[in-house]
**Q** 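Structure below; questions to follow.
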Amino acid sequence: MNSKDEIYIILGPTASGKESAAFTIAPQIGGEIISVDSMKIYKTLDIGTAKATSQMQQEVPHHCLDMIEPTFSEFSVGEYVQAADSAITDIISRGKKPLLSGGTALYYKGILEGIFESPPKDLALREELEEYAKNNGNEALHERLVKLDPVSAQKYHPNDLRRVVRALEVITLTGEPVSANRNQWSGFHSDEGYFQGELRYKFRMVMLDWERPVLYKRIENRVDMMLEKGLLKEAEYVYNNREHFASTPLQAVGYKEFFPFFAGEEDLETAVDTLKMNSRHLAKSQCTWFRKFPCQRIALTEDMSKDSIVTSISEILTYQ
RNA sequence: GCUGAGAUAGCUCAGUUGGUAGAGCACUGCCUUGAAAAGGCAGGUGUCCCCAGUUCAAGUCUGGGUCUCAGCA
């Protein structure tokens with residue numbers, strides 16, 4: 001891949017305005033947008049995930065949106081990375097530029113650093129392992145990992161069931177400890193700085209870095225805007241179909257918060273407050289991720305206009 | 001106005017027989033390799049409503065204020 005085949009990335013926490021900036025910049029650089037978002041892959045979840053409208057999608061091609069039905073439970077990072085890879089290849093082959101934007105850090109890690117070859121999840125085995133932890137305690141399950149894969153056991157806290165279970169799952173299915181194969185991520189986590197590992201693409205990455213209080217204010221405003229656009233109706237649809245939905249879309253911030261309201265256990269105002277709080281939590285943990293990303297930060301304050309933000313981003317992305 | 005209850009962390013509250021405070025949530029930081037908007041770890045937080053008194057020592061006991069809530073007028 002030569003240098004003109006770089007991919008462009010606009011990062012930022014939820015409500016930072018990254019998607020809107022990407023939409024404005026895409027035509028200027030001959031770009032097509034690739035969504036890097038674990039929730040926008042679901043069809044019908046539109047308002048709550050702040051998905052680009054169909055009007056916007058007509059003006060600028062978008063990729064990795066609406067990939068699956070919310071009832072589909074088998075989706076994983078691996079599949080996302082495959083889809084993103086082929087979108088990138090496709091866009092470049094047509095002489096356009098891939099402009100990635102979204103808030104799911106794990107997906108960026110997968111695209112840039114790779115995901116190790118491993119068996120997909122085995123739901124039955126996971127259930128068995130979780131059952132074991134339930135009956136014998138998290139420590140006991142962790143002990144099993146200590147024996148089979150001490151390196152991973154060292155890395156994960158006994159209460160971090162997700163990871164302890166996954167590590168046991170992989171070694172059970174393959175006989176190989178995950179710790180032997182999880183070596184793709186040296187790039188972002190090296191003490192030496194960034195770019196230590198072999199990355200899969202050349203890229204330019206900018207991050208929208210709002211002052212925290214301003215970001216929180218933006219989140220509140222955006223939730224109110226979503227409500228005006230009909231979020232409640234969309235949430236009610238999710239609520240009514242919750243029995244059939246996979247667990248991931250049910251975890252999306254923007255829907256589950258209204259469930260107690262629909263069940264008549266809570267008033268609307270409380271639900272909205274919870275939604276705002278969960279959005280803040282989401283933003284905060286995204287910030288923790290992105291802090292380690294090899295990106296150029298654009299420090300933003302409340303008085304910054306959208307135009308000047310877009311100008312700064314495109315200056316960095318197109319700088320020769 | 002009377003009677004009762006209360007006032008302790010940003011919020012909801014706990015605080016044993018007096019030894020200057022604590023839990024959940026919030027907030028802050030971190031971890032994160034096929035469920036990631038998920039999951040996990042760690043941390044700080046205080047005129048204990050005010051004033052006086054008793055005491056070596058008061059969130060805790062006594063007196064007086066102030067405010068809040070409930071019931072009764």
Side-chain angles (χ1 to χ4, degrees), chain A residues 13-15 35-42 45 48-51 68 70 72-84 102-123 125-127 130 133 138 141-142 149 151-152 154-167 169-170 173-174 176-189 197 200 212-213 216 219 222-223 238 245-257 270 273-293:
Chain A
T14 186
S35 161
V36 187
D37 189 298
S38 64
M39 292 302 164
K40 293 182 188 180
I41 61 169
Y42 292 106
L45 307 187
T49 64
K51 200 181 284 170
I68 50 175
F72 183 73
S73 63
E74 302 296 317
F75 196 80
S76 69
V77 207
E79 274 180 75
Y80 173 80
V81 173
Q82 265 185 15
T104 303
L106 180 67
Y107 288 5
Y108 285 110
K109 302 273 291 180
I111 292 169
L112 293 172
E113 298 187 276
I115 296 282
F116 76 111
E117 284 300 318
S118 65
K121 61 182 168 188
D122 180 331
L123 291 173
L125 179 57
R126 281 186 187 188
E127 205 174 309
E130 277 157 17
N138 295 348
L141 190 71
H142 189 258
D149 181 358
V151 178
S152 294
Q154 172 76 27
K155 198 170 157 191
Y156 303 129
H157 191 278
N159 290 346
D160 197 351
L161 266 190
R162 283 282 166 88
R163 301 201 163 68
V164 173
V165 165
R166 173 62 180 162
E169 178 184 54
V170 171
L173 295 174
T174 66
E176 290 266 311
V178 275
S179 50
N181 295 304
R182 279 180 179 164
N183 45 22
Q184 289 81 358
W185 286 21
S186 52
F188 286 14
H189 290 120
R200 298 172 72 236
R212 192 62 66 85
Y216 285 176
I219 286 172
R222 197 168 73 153
V223 167
V238 174
F245 274 26
S247 62
T248 309
L250 288 177
Q251 288 159 353
V253 174
Y255 306 108
K256 59 174 189 278
E257 291 80 5
T270 308
D273 285 346
T274 307
L275 171 53
K276 288 174 176 172
M277 182 185 79
N278 285 345
S279 303
R280 287 199 302 273
H281 290 172
L282 167 61
K284 192 167 132 18
S285 88
Q286 288 172 314
C287 288
T288 299
W289 267 113
F290 294 155
R291 228 166 263 156
K292 284 215 164 180
F293 273 46

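So you know, we letter chains A, B, ... as the sequences are listed, proteins then strands, and number each from 1. Values in this document were obtained by computation on a predicted structure and should not be read as measured data.
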**Q** Mind checking if A:F75 touches a base, just sugar-phosphate, or nothing, with heavy atoms under 4.0 Å?
**A**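 Sugar-phosphate contact only - A:F75 comes under 4.0 Å of backbone atoms but never of a base.
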**Q** Is it the case that the side chains of A:N181 and A:E117 hold a donor-acceptor pair, with the cut-off being a distance below 3.5 Å and no angle test?
**A** no
**Q** If you go through the side-chain atoms of A:R163, does one of them form a donor-acceptor pair with the base of B:G40 closer than 3.5 Å?
**A**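 Answer is no: no donor-acceptor pair is held.
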**Q** Got a sec, which residues hit ring pair (Phe, Tyr, Trp, His ring centres under 6.0 Å) with A:Y80, two or more places apart in sequence or on another chain?
**A** A:Y107
**Q** Quick test: give all pairs of protein nitrogen or oxygen and nucleotides 41-44 of chain B nitrogen or oxygen below 3.5 Å, distance rounded to 0.1 Å.
**A**
| residue | atom | partner | partner atom | Å |
| --- | --- | --- | --- | --- |
| B:C41 | OP1 | A:N159 | ND2 | 2.6 |

**Q** Which part of the nucleic acid does A:Y216 contact within heavy-atom distance under 4.0 Å: base, sugar-phosphate only, or nothing?
**A** sugar-phosphate
**Q** Look through every strand shown and name the nucleotide pairing with B:C67 as Watson-Crick or G-U wobble, where both distances are under 3.5 Å.
**A**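 Across any shown strand, B:C67 pairs with B:G6.
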**Q** Given the structure, check if the side chain of A:S118 and the base of B:G34 hold any donor-acceptor pair shorter than 3.5 Å.
**A**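 Per atom types, the contact qualifies.
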**Q** Would you please determine if the base of B:U33 is stacked by A:W185, with stacking meaning a centroid separation under 5.5 angstrom and planes under 30 degrees?
**A**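 Stack criterion met.
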**Q** Go through B:A36, B:G34, B:C30 for me and flag the one nearest to the A:F116 side chain.
**A** B:G34
**Q** Quick one: do the A:R166 and A:S118 side chains pair a donor with an acceptor below 3.5 Å?
**A** yes
**Q** Checking all strands, does A:R280 fall into the base, sugar-phosphate, or nothing category for heavy-atom contacts under 4.0 angstrom?
**A** sugar-phosphate
**Q** B:A38, B:G34, B:G29: which one has an atom nearest the side-chain heavy atoms of A:R162?
**A**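 The answer is B:A38, which lies nearest to the side chain.
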**Q** Just checking, any donor-acceptor pair under 3.5 angstrom between side chains of A:D149 and A:S179?
**A** yes
**Q** Does A:E127 reach a base, just sugar-phosphate, or nothing at all? Heavy atoms under 4.0 Å.
**A** nothing
**Q** Report which part of the nucleic acid A:V77 touches: base, sugar-phosphate, or nothing (heavy-atom distance under 4.0 Å, all strands).
**A**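 Sugar-phosphate, no base atom in range.
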**Q** Rounded at 0.5 Å granularity, tell me how far CG in A:L45 sits from CG in A:L250.
**A** 9.0 Å
**Q** Provide the Watson-Crick or G-U wobble partner of B:G34, both distances under 3.5 Å; none if there is no partner.
**A**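 Here B:G34 is not engaged in any pair, so there is no nucleotide opposite it.
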**Q** Ignoring backbone atoms, test whether A:K292 places a side-chain nitrogen or oxygen under 4.0 Å from the OP1 or OP2 oxygen of B:C31.
**A** yes
**Q** Can you tell me how far P in B:A21 sits from the matching atom in B:G64, rounded to whole Å?
**A** 29 Å
**Q** So, is A:K121 near the phosphate of B:A35, with a side-chain N or O under 4.0 Å from OP1 or OP2?
**A** yes
**Q** Under 4.0 Å from OP1 or OP2 of B:G34: is there any side-chain N or O of A:R182 that close?
**A** yes
**Q** Could you tell me which nucleotide pairs with B:G43 by Watson-Crick or G-U wobble geometry, both distances under 3.5 Å, or answer none if nothing does?
**A** B:C27
**Q** If you look at every strand shown and take non-hydrogen atoms under 4.0 Å, does A:N181 touch a base, only sugar-phosphate, or nothing?
**A**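 Touches nothing.
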**Q** For A:G102, which contact category applies under a 4.0 Å heavy-atom criterion: base, sugar-phosphate, or nothing?
**A**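 Since no nucleic acid heavy atom lies under 4.0 Å of A:G102, the category is nothing.
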**Q** How is A:S279 classified with respect to the nucleic acid when contacts are heavy atoms under 4.0 Å: base, sugar-phosphate, or nothing?
**A**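 No contact at all - A:S279 keeps every heavy atom at 4.0 Å or more from the nucleic acid.
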